[in-house]
**Q** 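Quick one: the structure is below, and I'll ask about it shortly.
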Amino acid sequence: MRDATPAPALRRRSFLKYSGALGAAATIASSLSACSSGPESTTEADGGGEGADRTLTAVIGYGNDQSWDPLMTASAFAMAGNHHVYEGLLDTDPISREPYAALATEVPADLRATTWRFTLRAGATWHDGRPVTADDVVFTYGRVLDPGTTTLAGNFFVSWLKEVRKVDDTTVELVLKFPFPDGAQRLTLAKIMPRHVFGAAGALDEATTGKAVGSGPYRQTAHHPKSNTTFEAFADYNGPRKAAFKKMNWLTMVDAAPRVAKISGSSAGAQISDNIPYAHISQLEKGGLKVEGGAGMNHLFLLFNTAHKPFDDVRVRQALHYAIDTGKMIQAALRGHGKAASSYLNEGNPTYRKAAAVYGHDPARARALLKEAGAGGLKVTLMAVNVSWIVDCLPTIKASWDAIGVETTLEPQETAALFTKLDQKKDFQVVAAASNPNQFGLDADLIMHYNYGPGNTWMRYARWENDSVAKDLFTRMDRATREPDPAKKKTMTQDYIDIVAENAVIYPVVHNELITAWDPEDLTGVRAQPYPGINVLQAKWA
């Protein structure tokens with residue numbers, strides 16, 4: 001299915017730059033239209049108004065200089081913001097991920113059907129006042145399903161969704177390739193975009209650089225990539241989760257110290273912050289803040305370049321995993337807020353089963369595997385993102401690898417810089433980084449396809465997709481996706497995760513909690529997420 005006047009597809013280089021799986025992207029300039037005009041600093045909106053009219057100030061511990069195109073971005077900041085600005089036909093609860101009607105009037109009664117019909121909410125309008133129509137839905141899904149257009153969202157739809165067609169101005173049908181009940185939760189990943197705004201030539205470049213025009217409860221009023229994005233309640237919103245805050249100012253603060261300072265003490269300028277460092281939990285609690293963790297798929301993983309010998313040898317990859325003292329890492333770097341990976345999935349995932357290969361700390365086995373692979377005297381340069389908790393984990397990895405005779409050099413660097421090198425196909429040995437597919441959902445099929453699958457960005461990074469084992473894995477994954485029986489599908493998924501674990505091409509070392517803090521005297525209804533960002537659609541002033 002293609003829209004009659006599709007916007008030009010972004011080049012692959014642009015896609016990788018702005019939607020790479022950590023939301024890794026190079027710095028971009030703020031160049032927005034009038035709908036994104038507003039204050040030029042982070043302070044002008046802080047503390048504005050009084051009582052119920054005051055501004056909610058939030059601190060996000062991730063960069064805000066990445067794509068805001070809802071079909072392209074993996075940026076923690078942008079994804080969180082987009083959940084407040086845009087709507088899908090269905091959206092999901094941020095914690096349970098249960099779907100609810102958003103732009104559509106109801107969840108399909110039969111999720112096992114192969115045609116889902118949706119009626120759009122009467123009176124739904126875009127933030128510029130134009131009505132939402134079926135043409136907007138067709139335009140959005142046209143981008144998702146068009147094989148000539150590369151979108152991140154497409155990875156979550158093309159395997160099971162055949163087409164989206166207009167019935168009339170307020171009705172659309174989604175035609176599935178086979179029954180796929182899990183697809184209902186994924187509809188939140190296809191945020192509906194206004195065709196009249198983003199269908200024009202070059203308009204999607206503005207979405208990439210931060211322009212957001214949706215139908216949701218909040219309207220974006222300003223976007224400044226290096227400092228903040230501001231929002232205000234959309235007066236004409238008539239959907240299920242209305243804005244509780246008249247204005248919001250979201251600050252980007254990647255460095256831990258200013259982030260903690262902004263939310264704590266007598267001069268605190270914010271009411272809520274995500275990405276709280278473990279070392280500051282007690283301090284913030286003593287200061288009267290509510291501090292809660294969310295345990296999920298957040299993890300430190302190792303990515304191996306299988307085109308660079310000896311990392312094409314599975315024994316070398318396994319050896320480096322066995323060598324890591326995860327117990328020491330969890331205590332020293334994560335302050336106990338983590339668990340050693342015993343599967344690709346975290347233990348709380350409904351599909352979790354301990355993998356056939358579990359990489360407990362076993363230096364003797366690691367040495368034996370290296371000897372068997374003929375990889376004695378190995379020297380490794382470990383590139384890593386400079387996310388604070390990842391940097392805290394790196395000394396344990398180096399000490400562990402040095403202890404088995406692997407001379408290790410650490411190269412932490414800006415996330416955008418590291419992934420630009422990967423995008424440019426520069427040579428590397430091993431990368432350590434953070435990832436959390438829970439940004440997109442909880443179902444195991446989605447999580448596994450995030451990193452594994454033919455044509456997948458991560459597989460290109462690893463240079464593994466043409467390996468015979470990889471091709472067999474992808475076939476097994478496709479069969480599991482199509483399996484109609486839930487119990488059989490679960491077992492099939494667990495079985496192919498064993499293959500992923502055994503080969504350890506892209507594989508977690510530890511899963512850790514993410515910590516959110518807020519002032520309970522100011523806010524109520526906040527729930528800590530097990531993935532980056534915040535969602536305040538059910539929060540309000542205390």
Side-chain angles (χ1 to χ4, degrees), residues 22 277-279 281 293-304 311 314-349 352-370 375 378 380-412 429-438 447 451 497-498 500-515 530-531:
L22 296 178
Y278 304 122
I281 292 175
M297 268 298 296
N298 205 70
H299 59 275
L300 179 155
F301 66 89
L302 296 181
L303 160 68
F304 291 91
F311 306 107
V314 64
R315 294 168 296 186
V316 174
R317 301 194 297 267
Q318 290 179 341
L320 293 179
H321 271 281
Y322 277 121
I324 298 174
D325 189 344
T326 51
K328 180 180 178 181
M329 178 184 290
I330 290 167
Q331 292 306 314
L334 305 181
R335 306 293 180 100
H337 293 274
K339 290 186 176 182
S342 56
S343 166
Y344 192 93
L345 302 175
N346 63 294
E347 293 182 12
N349 188 282
Y352 168 84
R353 182 184 75 189
K354 182 179 288 188
V358 176
Y359 298 103
H361 183 218
D362 193 338
R365 189 169 184 180
R367 292 190 191 94
L369 285 167
L370 290 177
L378 182 61
V380 173
T381 297
L382 178 64
M383 296 168 57
V385 298
N386 66 344
V387 175
S388 57
W389 69 270
I390 294 288
V391 172
D392 290 343
C393 291
L394 295 180
T396 299
I397 298 179
K398 174 176 169 54
S400 298
W401 288 356
D402 287 345
I404 63 166
V406 175
E407 184 179 328
T408 307
T409 301
L410 300 177
E411 286 190 359
Q429 294 180 308
V430 191
V431 164
S435 184
N436 194 331
N438 283 168
I447 290 170
N451 282 130
I497 289 175
D498 283 345
V500 170
E502 180 182 357
N503 284 275
V505 173
I506 303 171
Y507 203 70
V509 175
V510 290
H511 292 104
N512 66 309
E513 283 186 289
L514 291 178
I515 310 297
Y531 50 96

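Remember, it's a predicted structure, so these values are computed and weren't measured experimentally.
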**Q** Please check this pair: side chain of Gln318 against backbone of Glu502, looking for a donor-acceptor N/O pair closer than 3.5 Å.
**A**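 Between the backbone of Glu502 and the side chain of Gln318 there is a qualifying donor-acceptor contact (under 3.5 Å).
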**Q** Return yes when atom NZ of Lys398 has more than 12 non-hydrogen atoms of other residues, nucleotides or ligands closer than 6.0 Å, and no otherwise.
**A**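 Enclosed: over 12 neighbouring heavy atoms sit under 6.0 Å from NZ of Lys398.
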**Q** Roughly how far, to the nearest 0.5 Å, is the CG atom of Asp325 from the CD atom of Gln331?
**A**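 Gln331 CD to Asp325 CG: 10.5 Å, rounded to 0.5 Å.
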**Q** Pro508 and Tyr344: which non-hydrogen atoms are nearest, and at how many Å?
**A**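 Looking at all heavy atoms of both residues, the closest pair is CD-CD1, 3.6 Å.
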**Q** Between the side chains of Ser342 and Tyr352, does any donor sit under 3.5 Å from an acceptor?
**A**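 Short answer, yes.
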**Q** Which heavy atom of Thr326 sits nearest to which heavy atom of Ala340, and what is that distance?
**A**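 It is OG1-CB, 3.6 Å.
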**Q** Could you grab the distance from atom CG of Leu369 to atom CG of Asp362, nearest 0.5 Å is fine?
**A**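 Atom-to-atom, Leu369:CG and Asp362:CG are 8.5 Å apart.
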**Q** Nearest heavy-atom pair of Ala356 and Asp498: which atoms, and what distance?
**A**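 The pair with the smallest heavy-atom distance is N-OD1, 2.9 Å.
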**Q** Taking it one step at a time, do Ile397 and Met329 satisfy side chain to side chain contact (heavy atoms under 4.5 Å, CB included)?
**A** CA-CA 8 Å; Ile397 298 179; Met329 178 184 290; 3.6 Å; yes
**Q** Take atom CD of Glu407 as the centre, draw a 6.0 Å sphere, and report whether it contains more than 12 heavy atoms from other residues, nucleotides or ligands.
**A**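 Counting other residues, nucleotides and ligands, CD of Glu407 stays at 12 neighbours or fewer.
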**Q** How close do Ala504 and Tyr359 get, heavy atom to heavy atom, and via which atoms?
**A**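 Closest heavy-atom pair between Ala504 and Tyr359: CB-OH, 3.8 Å.
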**Q** Please check if the side chain of Asn438 supplies one atom and the backbone of Tyr531 the other of a donor-acceptor pair under 3.5 Å.
**A**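 Checking the backbone N and O of Tyr531 against the side chain of Asn438, no donor-acceptor pair under 3.5 Å is found.
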**Q** Does the side chain of Tyr278 come under 3.5 Å of the side chain of Asn512 through a donor N or O and an acceptor N or O?
**A**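 Note: Tyr278 and Asn512 side chains meet the donor-acceptor criterion.
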**Q** Taking all non-hydrogen atoms of both residues into account, name the closest pair between Ala432 and Leu302 and its distance.
**A**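 Smallest interatomic distance, heavy atoms only, reads CB-CD2, 4.0 Å.
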**Q** Could you give the distance from OG (Ser435) to CG (Asn451), rounded to the nearest 0.5 Å?
**A**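 If we round to the nearest 0.5 Å, Ser435:OG and Asn451:CG are 5.5 Å apart.
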**Q** So, taking the atom named OG1 in Thr381 and the one named CG in Leu410, what distance separates them when rounded to the nearest 0.5 Å?
**A**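 CG of Leu410 is found 9.0 Å from OG1 of Thr381.
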**Q** When rounded to the nearest 0.5 angstrom, what is the spacing between NE2 in His361 and NE2 in His321?
**A**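 That separation rounds to 14.0 Å.
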**Q** Atom CH2 in Trp389, atom CZ in Arg335: separation rounded to 0.5 Å?
**A**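 Spacing of CH2 (Trp389) from CZ (Arg335) equals 15.0 Å.
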**Q** Does Thr408 offer a backbone N or O that forms a donor-acceptor pair with the side chain of Asp402 under 3.5 Å?
**A**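 Yes, the answer is positive, given that a donor and an acceptor are paired below the 3.5 Å cut-off.
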**Q** Is any side-chain heavy atom of His511 closer than 4.5 Å to a side-chain heavy atom of Leu345?
**A**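 No, side chains not in contact.
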**Q** If we ignore hydrogens and angles and just use 3.5 Å, is the side chain of Trp401 paired with the main-chain N or O of Ala323 as donor and acceptor?
**A**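 No.
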**Q** Check whether any side-chain heavy atom of Leu370 sits under 4.5 Å from a side-chain heavy atom of Val316, and report yes or no.
**A**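 Yes. Closest side-chain heavy atoms under 4.5 Å.
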**Q** To check you understand the geometry: which heavy-atom pair defines the closest contact between Cys393 and Leu334, and what is its length?
**A**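 Heavy atoms only, the tightest pair is SG-CD2, 4.0 Å.
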**Q** Checking the side chain of Asn436 only, and the main-chain atoms of Pro530 only, is there a donor and an acceptor separated by less than 3.5 Å?
**A**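 Yes; at least one donor-acceptor contact below 3.5 Å.
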